[in-house]
> 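Okay, here's the structure, questions in a sec.
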Amino acid sequence: MSIKTIITSAFAVTAAVCNAQVYLDTKAPMEDRVKDALSRMTTHEKIKMLHAQSKFTSAGVPRLGIRQLNMDDGPHGVREELEWNTWSPARWTNDSIVAFPSLTCLAATWNRNLSATYGNAISEEFAFRGKDILLGPGCNIQRTPLNGRAFEYVGEDPYLAGEILVPYIKAAQANGVACCLKHFVLNDQEIDRFAANVNVSDRALHEIYLAPFKKAVEQAHVWTIMGSYNMYHNVHCCHNDLLINGILKGEWKWDGALVSDWGGTTNTWEAANGGLDIEMGTYTDGKLKESEFGYNDYYLADPFEKLINEGKIPMSVLDDKAARVLRTIFRTAMNPQKVIGSQCSEAHYQACREIAQEGIVLLKNDKAILPLKADLYKKILVVGDNATRSLTLGGGSSELKTLRDISPLEALRQLYGDKIDFAQGYDAGRALYDQVDKVDPARQEQLKEEALAKAKDADLILFIGGLNKNHKQDCENGDRESYDLSYGQNELIAQLAKIQKNTIVVTFGGNPYAMPWISQVSALAHCWYLGSESGSALCDILSGKVSPSGKLPVTFAARYEDYPYVKYGAKAYPGENKQVHYLEDVFVGYRHFTTSKVKPLYPFGYGLSYTSFAYGKPSVSVNGNKITISVDITNTGKAAGKEVAQVYVQAPKSSIARPVRELKAFAKTKTLNPGEHETLTMTLDKDELRYYDETIKGWALTQGSYTFHVGASSEDLRGKATAEVN
């Protein structure tokens, strides 16, 4: 072989090695793949990855075989397919799915294992539909019971929210589907959501509002996060340098991609420098409005590329954004381990049913009227719009197109046959996104009179009402206008209960509400939104097939005025001149009620069972940075059931104003048969006991004796133990 041949061959081998497509090698380290892909991309190709190319996709790099990202709304199921560039349904015939229970329902299970079941099942449906990013779950704090979007979130407590969402995210992402945790951050009301500037102390920001996001980043390693519409420090949160670059990507070292909420981007310079990575939905309101504004006109499109080419923004800023998008693509769309998934499988319906069963909270049960002893009643009258209404429709972006739903009335008729009669009682109108559907008062009166007439012949009344997903009920883009139930339900319930003492109320909804009739009814169960297996799960509880084990993830106040922010007036909610002040500080939800000794109607963590549980004396031990609490739970009743043991920690006295006690651990038993017991062992990190010290702009731990209260709710404390924490 000649020298020339050898040299030529050597050059060929070198060229082949240099051109090796490391970014396509799924076994190569992630950062090597990202670096290699970036080196091959033009500036324009990098830019194109950073903004939408349709309503729910962002571009890949076709020239290099890098796939696009397909997104869709969650968090309770895959949204129906829309046309490529409109908000109109594509009218596919194969995009009907399972509606899973609302996230408030998941939170009410207090069951981490069910959270993982939820994340696995829903991500399988997303994967089967070819989706890479699930736009959810949500973990904004339920600061007000009027929040129209609270049903998409996981309650009022940051610890519970984080603990419930971590298994959901881990399970979903194990299937190759990215969760897009939302809305980062302080998106705690729908009124003025596009313009409200939130004024909050650094302490409350870190201890309450950022806490569940931090847990999802550090423990679940969530791959994408969605910015929020509102502002903080008068800068929109979708490109807020302080929040995104300073805290999320800086302090927390997060390596994922920050996605804007649809229409949440407002400025090229801030979008470029404020941490936004993928811009979606600009010049729409996320649901209805359209614009001639094209995708190349997006703030992170041509205007950003111009600034890069002119040297006004360094290439390193663009490369960081593109790298984050590439990581997301390699983790999802180009992940060979991504599951094929399935849609509407029986396993998914079973998961839906189990989550719904454990999320239903029994709030009242006088004389053990529940479970229903059907042989005692010849005629059961079901009253209420929610007995037949589809509660998978409406709500805004979380609206779902389902293959099959079973309503409460349908399930009750299957179970009790001809014993069941029905009267609608009231008309709630249609589920509209941006306006309230007006109902004729004459029709409302007619429906009420029909129900009252039938009530006279009934042995038992099941009222099935509450909230729904209409505008200004539980719906995106509008908050509730009253703490009362709408459509005359309070009056109707009271009149029904006056006629028939055996009246059981079942409510749906994502928020607490006033109950002026509570002393008149025999039982009350709150269901949140139960998804496709709504009727089946409800009947499982009402019939006693399953004993209720749900616990409230929010406080039900006796009066709206009892919520902590209300005393501060409009300045605190809904705001004045687009400025909202969180003047209650860290005393959100039960933290306020327990500290101020305001008695709630039903406290945080509360929920009844068809059996009873005895708590043994709790023990606590400290080993290094870990604190372990153990307690023995015994079923002392006559039915099988599950119990949630909750640990509320009381810190030593200090100069810092702190809540009397805060939730820092919880565990749920297995199903315990009568007489059976289980020892629950709960472990928490010392870091959970810290508070945010604004004087040092960091976390601090008060040394001394901590009291660990163990109980069945924030008010029902069954035992305590103390330990020195240093």
Side-chain angles (χ1 to χ4, degrees), residues 51-60 67-102 121-136 152 177 180 259 261-263 280-295 332-333 340-346 348-349 352 388-407 410 428-435 437 468-471 474-477 529 531-534:
H51 61 85
Q53 64 173 0
S54 75
K55 283 289 181 277
F56 283 98
T57 70
S58 61
R67 301 187 66 177
Q68 68 185 34
L69 285 170
N70 299 323
M71 315 173 193
D72 220 331
D73 277 315
H76 310 129
V78 198
R79 186 175 181 165
E80 72 173 317
E81 292 297 325
L82 302 181
E83 293 178 344
W84 182 257
N85 193 36
T86 78
W87 292 107
S88 300
R91 302 193 184 283
W92 288 14
T93 58
N94 62 348
D95 59 344
S96 297
I97 49 81
V98 174
F100 293 91
S102 65
I122 194 172
S123 62
E124 286 182 339
E125 300 226 343
F126 270 79
F128 189 79
R129 286 272 299 279
K131 309 301 180 185
D132 305 306
I133 299 179
L134 183 170
L135 299 175
E152 293 188 38
V177 175
C180 191
V259 182
D261 204 339
W262 270 235
M280 299 298 295
T282 295
Y283 278 97
T284 76
D285 65 0
K287 181 74 176 175
L288 292 177
K289 294 178 183 176
E290 291 296 341
S291 170
E292 295 180 359
F293 191 84
Y295 295 114
T332 60
I340 294 172
S342 58
Q343 186 170 295
C344 296
S345 69
E346 289 307 310
H348 292 175
Y349 284 108
C352 174
T388 58
R389 185 183 191 86
S390 172
L391 293 172
T392 60
L393 298 176
S397 61
S398 64
E399 180 171 271
L400 296 171
K401 176 183 175 182
T402 55
L403 182 64
R404 74 172 197 241
D405 290 335
I406 182 165
S407 71
E410 182 182 358
R430 295 169 297 162
L432 303 178
Y433 172 74
D434 60 346
Q435 57 183 301
D437 188 27
N468 57 38
K469 293 183 179 177
N470 290 9
H471 183 55
D474 282 333
C475 185
E476 180 184 1
N477 202 36
Y529 295 110
S532 290
E533 289 289 321
S534 181

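Excluded from the calculations below are hydrogen atoms, water molecules and symmetry mates; all remaining heavy atoms, backbone and side chain alike, are included.
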> Does any N or O in the side chain of E476 come within less than 3.5 Å of the main-chain N or O of S397, such that one atom is a donor and the other an acceptor?
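Side chain of E476 to backbone of S397, a donor-acceptor pair under 3.5 Å: yes, one is there.
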> Once the angle between the rings of F293 and Y283 is folded into 0 to 90°, is it parallel (under 30°), tilted (30 to 60°) or perpendicular (over 60°)?
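Rings of F293 and Y283: tilted, as their planes differ by 30° to 60°.
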> Test side chain to side chain contact (heavy atoms under 4.5 Å, CB included) on D73 and F56 and set out the steps.
CA-CA 9 Å; D73 277 315; F56 283 98; 3.5 Å; yes
> Looking at G394, is its backbone amide N or carbonyl O close enough to the side chain of E399 to form a donor-acceptor pair, meaning the two atoms are under 3.5 Å apart?
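Between the backbone of G394 and the side chain of E399 there is a qualifying donor-acceptor contact (under 3.5 Å).
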> Can any side-chain N or O of E125 pair as donor or acceptor with the backbone N or O of V98 at less than 3.5 Å?
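Confirmed, E125 side chain pairs with V98 backbone.
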> Going by the rule side chain to side chain contact (heavy atoms under 4.5 Å, CB included), which residues pair with S534 if we only count those two or more places apart in sequence or in a different chain?
P408, F508, L530
> Between K131 and E81, is a salt bridge (charged side-chain N to carboxylate O under 4.0 Å, His left out) present by the stated rule, with each step listed?
CA-CA 11 Å; K131 309 301 180 185; E81 292 297 325; 2.8 Å; yes
> Please test R404 against E346 for salt bridge (charged side-chain N to carboxylate O under 4.0 Å, His left out), starting from the C-alpha separation and ending with a verdict.
CA-CA 12 Å; R404 74 172 197 241; E346 289 307 310; 3.2 Å; yes
> Is a donor on one side and an acceptor on the other found under 3.5 Å between the side chain of N470 and the backbone of R430?
yes
> Establish, from distance only, whether the side-chain atoms of S532 and D405 form a donor-acceptor pair under 3.5 Å.
yes
> Please enumerate all residues that pass side chain to side chain donor-acceptor pair (under 3.5 Å) together with T388, with sequence neighbours excluded.
none
> Got a donor-acceptor contact below 3.5 angstrom from the K469 side chain to the L393 backbone?
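No: the side chain of K469 does not pair with the backbone of L393.
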> Would you list the pairs meeting side-chain hydrogen bond (donor to acceptor under 3.5 Å, both in side chains) in which at least one residue belongs to residues 90-102, sequence neighbours left out?
D95-K401, S102-T104
